[in-house]
Amino acid sequence: MNPYPYTIDNKRYQTFNYHLKKKYGHKVAKVILDLDYTCPNRDGTKGYGGCIFCSARGSGDTSVLFDHNIKDQYLANKKAIDRKWPDAYTIPYFQSFSNTYGPLSKLKNYVEALIFREEVVEMSIATRADCLDDDTIKYLDHMCNYKPIWLEIGLQTSNDKTAVFINRAHDFNTFKATFHRLQKTKINTCIHIIDGLPYEDEKDMLKTIEDLKDIRYDALKIHCLEILKGTRLAEIYEKDPFRVISRDEYITIVIKQLERIRPDVIIERLTADPVKDDLIAPKWLLNKRTLLNDIDKTMKALDTYQGKYYESGDL
């Protein structure tokens with residue numbers, strides 16, 4: 001018997017699909033959008049080149065269409081969803097780069113171009129903790145009166161030494177300070193972390209989860225580090241190959257992380273979707289379905305589930 005309550009398909013963690021079906025009773029799909037933003041660690045404000053693992057497209061490589069105005073891009077990318085789920089509700093997802101970095105007027109134009117569409121039920125905006133000033137937070141909080149808005153904030157790791165190595169260009173205290181401001185609003189929050197960052201071990205990855213324990217967040221994305229062609233990380237790996245996390249290690253660590261977070265946190269992802277021709281390592285990431293299946297099987301075999309050790313603080 002599965003002891004985990006937030007599931008309809010026998011998974012032992014709360015999927016975003018479960019959350020949306022429970023909330024809307026209908027299929028909901030994200031429409032990925034690539035807008036004309038950049039990041040402060042790319043344009044010289046705080047650094048150049050961006051995070052060392054990030055591609056030239058700002059991690060938006062799975063977008064269907066680029067270089068159109070937001071309405072055209074939304075409608076074109078929605079067509080791909082319509083072929084599979086003709087009546088799906090949608091969540092416009094501002095995915096690439098830091099989508100609150102720039103004039104507030106620009107963000108307002110993008111948000112208000114789509115949020116009032118009938119099929120749009122929520123909106124998701126990817127950004128950084130150091131790109132959220134008070135006016136932006138106040139505006140997004142106000143727009144939550146119309147539709148729920150998510151901020152997906154890239155943390156990657158709570159280890160400031162690793163943050164310097166990956167060129168994140170802000171520390172964990174900055175992240176925490178931003179979250180304390182967001183917790184006073186109606187904005188939903190999703191934290192994005194990466195397992196397998198160079199020179200981090202299991203202790204570091206579990207420490208990131210432990211460090212988030214005092215932060216009230218709504219969802220979590222866990223990715224394995226991807227070494228992609230054309231990135232600074234690929235150059236580092238070629239010159240001085242570091243140890244890449246194995247598939248079995250990743251499964252073990254992800255399960256331990258799930259055991260140690262709040263039971264009601266939504267798990268938006270446990271793996272990424274690398275483009276095959278761009279991926280240098282680890283190659284096992286290309287088999288997404290079997291990876292997720294093996295996480296499920298292992299959790300069942302261990303009779304474990306999300307939040308099992310959350311209350312005990314057994315870290």
State, without any angle test, whether Asp133 and Thr136 hold a side-chain donor-acceptor pair at a distance under 3.5 Å. yes
I'd like to know whether NZ of Lys22 has more than 12 heavy-atom contacts from other residues, nucleotides or ligands below 6.0 angstrom. no
Could you tell me whether a side-chain N or O of Arg181 sits under 3.5 Å from a main-chain N or O of Leu132, the two making a donor and an acceptor? yes
How far does OH of Tyr18 sit from CD1 of Ile8, to the nearest 0.5 angstrom? 7.5 Å
Should Leu220 and Trp150 be regarded as members of a common hydrophobic cluster, given that ILVMFWY residues are connected when their side-chain heavy atoms come within less than 4.5 Å of each other, either directly or indirectly? no
Check ion pair Glu210-Lys207 (N to O, under 4.0 angstrom): no
Would you please test Leu228 and Leu233 for side chain to side chain contact (heavy atoms under 4.5 Å, CB included) and show each step? CA-CA 7 Å; Leu228 301 174; Leu233 182 62; over 6 Å; no
Are His192 and Gln156 packed together at the side-chain level, in the sense that at least one heavy-atom pair is separated by less than 4.5 angstrom? yes
What one should report as the nearest heavy-atom pair of Arg269 and Ala272 is NH1-CA, 3.7 Å
Do the side-chain N and O atoms of Thr174 and Asp171 include a donor-acceptor pair separated by under 3.5 angstrom? yes
Do we see a donor-acceptor contact under 3.5 Å between the side chains of Asp248 and Ser246? no
Kindly state each residue pair satisfying salt bridge (charged side-chain N to carboxylate O under 4.0 Å, His left out) with at least one member in residues 8-19, sequence neighbours excluded. Lys11-Asp296, Arg12-Asp303
Side chain to side chain, Tyr74 and Thr90, heavy atoms closer than 4.5 Å: yes
Please check this pair: side chain of Asn41 against backbone of Asn167, looking for a donor-acceptor N/O pair closer than 3.5 Å. yes
Counting only heavy atoms not in Lys186, do more than 12 sit closer than 6.0 Å to its NZ atom? yes
Under-4.0 Å salt bridge between Asp201 and Lys203: no
Lys288 atom NZ, over 12 foreign heavy atoms within 6.0 Å: yes
Partner of Thr157 by side-chain contact (heavy atoms from CB on, under 4.5 Å), out of Thr208, Asp204, Ile193: Thr208
Are the side chain of Thr231 and the backbone of Phe53 linked by a donor-acceptor contact shorter than 3.5 Å? no
For Ala129 against Thr178, the heavy-atom pair lying closest together: O-OG1, 2.7 Å
Joint cluster assignment, Val28 & Ile149, ILVMFWY side-chain distance < 4.5 Å: no
Please name the pair of heavy atoms, one in Ile227 and one in Ala234, separated by the smallest distance, quoted to 0.1 Å. CG2-CA, 3.9 Å
Distance in Å, Leu258 CG paired with Ile209 CD1, rounded so as to fall on 0.5 Å steps: 8.0 Å
Please tabulate, for side-chain N and O atoms in residues 111-118, each donor-acceptor pair with protein atoms closer than 3.5 Å (sequence neighbours left out).
| residue | atom | partner | partner atom | Å |
| --- | --- | --- | --- | --- |
| Glu112 | OE2 | Tyr139 | OH | 2.6 |
| Arg117 | NE | Glu119 | OE2 | 2.8 |
| Arg117 | NH2 | Glu119 | OE2 | 3.3 |

Arg243: what forms a side-chain contact (heavy atoms from CB on, under 4.5 Å) with it, not counting sequence neighbours? Glu249
Working to the nearest 0.5 Å, report the span between CG of Asp218 and CG of Leu151. 10.5 Å
Are Gln257 and Asp195 linked by a side-chain donor-acceptor pair shorter than 3.5 Å? yes
Student check: side-chain heavy atoms of Lys27 and Asp87 closer than 4.5 Å: no
Using modelled atom types only, decide if a donor and an acceptor are shared between the side chain of Glu268 and the backbone of Ala219 within a distance under 3.5 Å. no
Are Phe16 and Val120 connected in the hydrophobic side-chain network, where two residues link if heavy atoms are under 4.5 Å apart? no
Between Asp82 and Lys78, is the salt bridge (Lys or Arg N to Asp or Glu O under 4.0 Å) condition met? List the steps. CA-CA 6 Å; Asp82 290 341; Lys78 183 176 176 293; 3.1 Å; yes
Donor-acceptor pair, side chain of Gln14 and main chain of His19, under 3.5 angstrom: no
When you measure from the centre of the six-membered ring of Tyr37, is the NZ or CZ of Arg42 closer than 6.0 Å and no more than 45° off the axis? no
Find out whether Asp160 and Phe172 are in side-chain contact, i.e. whether some heavy atom of one side chain is under 4.5 Å from a heavy atom of the other. yes
Does any non-hydrogen side-chain atom of Leu20 lie less than 4.5 Å from one of Val121? no
Please report the interatomic distance CD1(Ile137) to NE2(His142), rounded to the nearest 0.5 Å. 16.0 Å
Distance-minimising heavy-atom pair for Tyr250 and His223: OH-C, 3.4 Å
Heavy-atom distance under 4.5 Å between the side chains of Arg168 and Phe175, does that happen here? no
Test your reading of the model: is there a side-chain donor-acceptor pair from Asn287 to the backbone of Thr290, 3.5 Å cut-off? no
Taking only residues two or more places apart in sequence, or in another chain, which ones meet Tyr4 in a ring-ring contact (aromatic ring centres under 6.0 Å, His included)? Tyr6
Could you tell me which residues satisfy side-chain contact (heavy atoms from CB on, under 4.5 Å) with Ala126, sequence neighbours excluded, listed by chain and number? Tyr93, Asn99, Glu152
For the pair Asp36 and Lys106, evaluate salt bridge (Lys or Arg N to Asp or Glu O under 4.0 Å) and give the outcome as yes or no after the intermediate values. CA-CA 10 Å; Asp36 57 335; Lys106 177 180 175 180; 3.7 Å; yes
Is any side-chain heavy atom of Glu202 less than 4.5 Å from a side-chain heavy atom of Lys256? yes
Non-hydrogen atoms of Thr162 and Glu200 that approach each other most closely: OG1-OE2, 2.8 Å
Quick check for you: to the nearest 0.5 Å, what is the distance between Leu212 atom CG and Ile191 atom CD1? 4.5 Å
Lys23, NZ atom: more than 12 neighbouring heavy atoms under 6.0 Å: yes
For the residue pair Tyr101 and Thr38, what are the closest heavy atoms and their distance? CD2-O, 3.6 Å
If you measure only the distance, is there a donor-acceptor pair under 3.5 Å linking the side chains of Thr7 and Tyr305? no
ILVMFWY cluster, Ile266 and Tyr13 together (side-chain gap under 4.5 Å): no
Can you sort out the partners of His26 under ring-ring contact (aromatic ring centres under 6.0 Å, His included), two or more places apart, ordered by chain and number? Tyr89
Joint cluster assignment, Phe165 & Tyr48, ILVMFWY side-chain distance < 4.5 Å: no
Minimum side-chain heavy-atom gap Leu107-Leu140 below 4.5 Å: yes
Report the C-alpha separation of Asp130 and Arg128 in whole Å, then their side-chain angles, then the decisive distance to 0.1 Å, and conclude whether the salt bridge (Lys or Arg N to Asp or Glu O under 4.0 Å) test is met. CA-CA 5 Å; Asp130 58 346; Arg128 293 161 48 105; 2.8 Å; yes
CG/Leu285 to SG/Cys224 distance, rounded to the nearest 0.5 angstrom? 4.5 Å
